[in-house]
Student: 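Before I ask anything, let me first share the structure, which is written out below as structure tokens.
Basis for what follows: all heavy atoms, side chains included, without hydrogens, waters or symmetry-related copies. Each ligand, and each atom within it, is numbered from 1 in the order the structure gives. Residue numbers count from 1 along this sequence.
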Amino acid sequence: MTDFRRTANDVCNWGRWGDDDELGTLNFITAEKVQQAASLVKHGKVFPLGVDFGSSGPQGAFQYRQNPTHVMTIDGGDAEALREFGPKWLKNPTAVQLSGYSESGPMRFNDDMIIMPLQAATQWDALSHVYYEDKLYNGFPATSVTSLGAFHCGIDKVDVKGITSRGVLLDIVRLRGVETFCELGDPITPGELDEAARKQGVTVQRGDIVLVRTGWWARFLETGDGAEPGAGLDWTCASWLHDHEVAAVAADNLMVENPVSAVDDAILPMHMLCLRDMGMMLGEYWDLSALAADCAADGVYEFQLIAPPLRITGAVGSPVNPIAIK
Ligand code: UVW
């Protein structure tokens with residue numbers, strides 16, 4: 001763990017933006033940065049980066065996370081059934097109310113709800129998602145996350161930032177020249193991030209949101225296997241992200257970082273460094289295939305990125321439907 005400890009110390013942003021800061025590296029996104037990002041829209045091409053929230057999503061391999069369960073709470077059949085069987089249900093206030101709606105005109109409606117882990121599909125990890133040694137980002141106590149939610153570093157704290165900035169795609173599938181995805185056993189190194197940027201002719205700047213394509217999502221669509229192993233960022237990429245003063249990082253895989261930890265006694269070392277030490281949010285399960293194809297075609301790997309999380313009070317993560325605009 002010695003190297004990990006040294007890195008944790010080097011990348012630590014605690015106190016950098018004040019002792020009460022809960023935005024972390026999103027502080028790198030200034031008004032000028034938002035303007036720069038908007039100026040990258042040249043053609044009005046829109047790329048939705050969110051995946052489907054449905055029953056055939058990537059969850060199921062881990063017992064603590066399931067795919068979304070979508071339930072219709074009212075549908076057209078209710079209106080018809082109530083007309084036919086209504087009188088039997090007159091003690092049921094909901095039935096009485098719904099019968100009232102259909103008696104008073106032609107309007108009908110459908111309602112639904114969804115039950116799911118907030119991490120089920122395309123998501124942001126809030127800074128309170130991962131902690132160690134009893135501390136969250138900026139030294140807030142881990143005990144500030146309770147069954148009532150996160151009192152510190154919850155996803156609801158970042159709404160002031162949008163989240164929008166200049167997005168930069170680093171396409172490692174293309175860099176490695178592999179057909180669809182980067183195989184497990186070959187973690188993505190800081191050198192490869194530099195090499196991808198150089199080959200693509202793009203410079204990663206302060207306040208950017210970096211998107212890393214590993215091909216995992218495209219592979220999942222072929223196999224349907226949410227536990228499919230693939231390569232992610234080596235934990236040492238945390239220092240690279242820190243040095244480039246990146247605002248956030250997202251990938252098309254399940255955990256951004258490499259699934260096999262190279263740090264003894266620590267699983268998800270990059271999560272520990274990014275979320276807790278640096279205050280950098282991680283985006284997972286982003287579908288980067290169409291965007292990557294367009295970037296390869298026009299050679300432009302920068303764009304406006306708009307990716308607001310939901311303002312779920314005290315949540316440690318949020319679904320998101322990010323869009324890249326060129
Ligand atoms: C964990 O599984 C702890 O994190 P994530 O969903 O961010 O990969």
Side-chain angles (χ1 to χ4, degrees), residues 4 8 24-26 49-53 57-68 116-137 142 145 149-150 153-158 163 181-182 184 187-188 209-217 219-220 225-235 237-238 241 246-263 265-288 307 309-310 312 314-322:
F4 176 84
T25 51
L26 292 179
L49 309 179
V51 307
D52 290 341
F53 282 76
Q59 301 303 330
F62 308 105
Q63 300 301 323
Y64 49 86
R65 285 196 193 142
Q66 300 79 33
N67 282 315
M116 64 171 201
L118 297 178
Q119 295 75 15
T122 311
Q123 63 163 102
W124 279 122
D125 283 345
L127 301 186
S128 47
H129 180 51
V130 161
Y131 63 96
Y132 63 96
E133 290 165 357
D134 303 330
K135 296 281 189 231
L136 305 174
Y137 166 69
V145 185
C153 301
I155 200 73
D156 48 328
K157 297 287 164 52
V158 304
I163 294 170
F181 85 124
C182 304
L184 181 72
I188 296 160
I209 297 177
V210 170
L211 310 184
V212 182
R213 179 171 172 249
T214 71
W216 189 92
W217 183 256
R219 174 76 171 176
F220 167 74
D225 179 4
E228 174 85 52
L233 296 185
D234 187 67
W235 71 279
C237 291
L241 296 164
V246 162
V249 60
D252 59 351
N253 62 7
L254 63 169
M255 51 179 69
V256 181
E257 69 181 284
N258 207 50
V260 181
S261 171
V263 177
D265 301 329
I267 57 163
L268 301 181
M270 211 183 111
H271 275 59
M272 294 161 74
L273 294 170
C274 287
L275 293 168
R276 188 262 203 187
D277 295 315
M278 293 159 65
M280 182 179 291
M281 287 169 54
L282 304 174
E284 294 161 346
Y285 299 119
W286 292 35
D287 183 355
L288 304 176
L310 300 177
I312 306 170
V316 301
S318 167
V320 58
N321 191 18

Student: Applying a 4.0 Å heavy-atom criterion (strictly less than), which segment of Gln119 is in contact with ligand 1: side chain, backbone, both, or neither?
Tutor: neither
Student: In the protein, which heavy atom is nearest to atom 8 (O) of ligand 1, and how far is it?
Tutor: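 Scanning the protein heavy atoms, the shortest distance from atom 8 (O) of ligand 1 goes to Glu284 OE2, 3.2 Å.
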Student: Could you list which atoms of ligand 1 come closer than 4.0 Å to a heavy atom of Leu254?
Tutor: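 Those of ligand 1 that fall under 4.0 Å from Leu254 are 8 (O).
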Student: Look at atom 2 (O) of ligand 1 and find which of His271, Arg65, Met255 reaches it with the closest heavy atom.
Tutor: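 Heavy atom nearest to atom 2 (O) of ligand 1 belongs to Arg65.
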Student: Determine whether the aromatic ring centres of residues Trp124 and Trp286 are separated by less than 6.0 angstrom.
Tutor: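 Yes, close enough.
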Student: Does Asp52, at its CG atom, have more than 12 non-hydrogen atoms belonging to other residues, nucleotides or ligands within less than 6.0 Å?
Tutor: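 Open.
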Student: If hydrogens are left out, which of Asp125, Asn253, Leu275, Leu268 has an atom nearest to atom 7 (O) of ligand 1, that is, the closest non-hydrogen atom?
Tutor: Asp125
Student: Closest heavy-atom contact between Met281 and Leu26?
Tutor: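 Closest pair (atom of Met281, atom of Leu26, distance): SD-CD1, 3.8 Å.
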Student: Identify, for atom 4 (O) of ligand 1, the protein heavy atom at the shortest distance, and state residue, atom and that distance.
Tutor: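 I find the closest protein heavy atom is His129 NE2, 3.0 Å.
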Student: For the residue pair Gln119 and Tyr64, confirm or rule out a side-chain donor-acceptor distance under 3.5 Å.
Tutor: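 Side chains of Gln119 and Tyr64: no pair found under 3.5 Å.
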Student: Taking all heavy atoms of Cys274 and all of Leu282, pick out the closest pair and write down the distance.
Tutor: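 Minimum heavy-atom separation between Cys274 and Leu282: CB-CD2, 3.9 Å.
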